Amino acid sequence: MSDTLLHSLWIASALMLVIEGLMPFLNPKTFRRSLLQMASMSDKQLRIIGLFSMVLGVVLLYWVN
């Protein structure tokens with residue numbers, strides 16, 4: 001791996017952690033409720049949410065670049 005790619009992966013990972021930490025920091029009660037609701041979803045529902053999230057991420061990456 002080139003140094004630039006490795007550096008970009010570290011930056012992306014750090015930003016992901018910052019973004020994922022916002023919800024539990026800003027509104028822990030809603031975050032807990034959301035997690036409990038997700039725990040009661042079927043595997044199919046979670047897979048559809050995951051697929052939508054991945055597609056949205058790819059579209060955003062394409063749009064940014």
Side-chain angles (χ1 to χ4, degrees):
M1 254 193 229
S2 70
D3 288 339
T4 304
L5 178 61
L6 191 59
H7 181 72
S8 295
L9 285 173
W10 279 111
I11 289 174
S13 298
L15 286 173
M16 180 192 69
L17 289 171
V18 169
I19 291 168
E20 287 193 3
L22 281 174
M23 183 70 166
F25 176 74
L26 295 175
N27 201 343
K29 287 183 183 180
T30 302
F31 180 71
R32 185 177 294 114
R33 238 185 348 255
S34 298
L35 286 179
L36 289 172
Q37 187 176 13
M38 285 183 69
S40 67
M41 289 180 174
S42 69
D43 288 348
K44 184 178 179 179
Q45 289 173 312
L46 288 173
R47 283 190 174 118
I48 290 170
I49 291 170
L51 176 63
F52 178 74
S53 178
M54 290 187 301
V55 169
L56 182 61
V58 169
V59 169
L60 283 173
L61 279 172
Y62 182 75
W63 182 63
V64 168
N65 286 323

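Just so we're clear, the structure is a prediction, and the values are computed from it rather than from any experiment.
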I'd like to know if Val58 and Phe52 are part of one continuous hydrophobic network [Ile/Leu/Val/Met/Phe/Trp/Tyr, side-chain heavy atoms within less than 4.5 Å].
no

Quick one: pull up OG in Ser42 and CZ in Arg47 and give me the separation to the nearest 0.5 Å.
9.5 Å

Non-neighbouring partners of Thr30 that pass side-chain hydrogen bond (donor to acceptor under 3.5 Å, both in side chains), sequence neighbours left out:
Asn27, Arg33

Using the rule that Ile, Leu, Val, Met, Phe, Trp and Tyr join whenever any side-chain heavy atoms are under 4.5 Å apart, tell me whether Met16 and Val64 fall into a single cluster.
no

Between atom CE of Met38 and atom CD1 of Ile49, what is the distance when rounded to the nearest 0.5 Å?
5.5 Å

Let me confirm one number: the CG-CG distance from Leu46 to Leu51, rounded to the nearest 0.5 Å.
12.5 Å

Applying the 4.5 Å side-chain criterion to the ILVMFWY set and letting contacts propagate, would Leu9 and Leu15 be lumped into a single cluster?
no

Pairwise distance CD1(Ile48) to CD(Gln45) - rounded to 0.5 angstrom
7.5 Å

Using links of under 4.5 Å between side-chain heavy atoms of ILVMFWY residues, direct or through other members, which residues join Leu36 in one cluster?
none

Can you list the other members of the hydrophobic cluster that holds Met23, where links are side-chain heavy atoms under 4.5 angstrom apart?
Phe31, Leu35

